[in-house]
Amino acid sequence: DCLSAPKDEL
Amino acid sequence: MNAFRFLGDMTHLFSVLVLLLKIYATKSCSGVSRKTQELYMVVFLARYMDLFTDYISLYNSVMKVVFITSSAAIVWCMRRHPQVRRTYDKEQDTFRHVVLVAAAFVLALIFNERFTFREICWAFSIYLEAVAILPQLVLLQRGRNVDNLTGQYVFFLGAYRAFYILNWIYRYFTEGHHSRWISWLSGLVQTGLYADFFYYYFLR
């Protein structure tokens, strides 16, 4: 599952 | 939120506070690369554009505001503050940082997760952050007198991304295999650039 990296990081 | 990421964010915040303290307390920015600070301001503006559109958590929003305002404050001090700006070593800070911006932008156009404005800005900010420290490292190698606050600033900045790499390893094993190759590669390059600094920092 190459979902895109979650952007919940700073 | 895992401990590695929180430690990374705190180390990053601490590095900025150390720099602000140095500039405010000594009213001097000698040994600090203004170009690196300008690059960091671009990194934060490009990455935290979603500050007003996507609410993730209070922590996330507060930290984004803190990083943007502190980097802007440091650049403002180094450009406008009557006392501080005089102590900026313009002749020493000669790295052509425009090249870094252009390279990161071209890379982001080619290597991104989706060809959308937001994803390209995000990849641009990740690539630029990986190399933003270069002008500062060049300045440190030129300047004999690395005052310890500037040395500590660079040290914490190197430690922050090292913690993030641990965070990505942790998330890889606990949250499934997102494609994080942009963060991985950039994070490794970023931390790798500090390697020689750490070597001399600890040897001194």
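Because only heavy atoms are used, hydrogens play no part in the values below, and waters and symmetry mates are left out as well, while side chains stay in. Just so it is clear, the model here is predicted, and its values are computed rather than measured. So you know, we letter chains A, B, ... as the sequences are listed, proteins then strands, and number each from 1.
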Handout entry: B:Thr53 and B:Arg118: side chain donor to acceptor below 3.5 Å
Key = no
Exercise for the section: Please determine if B:Asp147 and B:Lys22 form a salt bridge, counting it only when a charged side-chain N lies under 4.0 Å from a carboxylate O. Expected result: yes
Exercise for the section: Considering only heavy atoms and a distance below 4.5 Å, find which of B:Tyr59, B:Phe67, B:Tyr164, B:Phe44 pairs most often with chain A. Expected result: B:Tyr164
Counting only heavy atoms closer than 4.5 Å, note whether [X] contacts chain A via side chain, backbone, both or neither.
X        : answer
B:Asp9   : side chain
B:Asn167 : side chain
B:Trp168 : side chain

Exercise for the section: Indicate yes or no for a side-chain donor-acceptor contact from B:Asn112 to the backbone of B:Ala108 under 3.5 Å, with no hydrogens or angles considered. Expected result: yes
Practice task
Verify, without hydrogens or angle tests, whether B:Gln136 (side chain) and B:Gly31 (backbone) share a donor-acceptor contact under 3.5 angstrom.
Solution key: yes
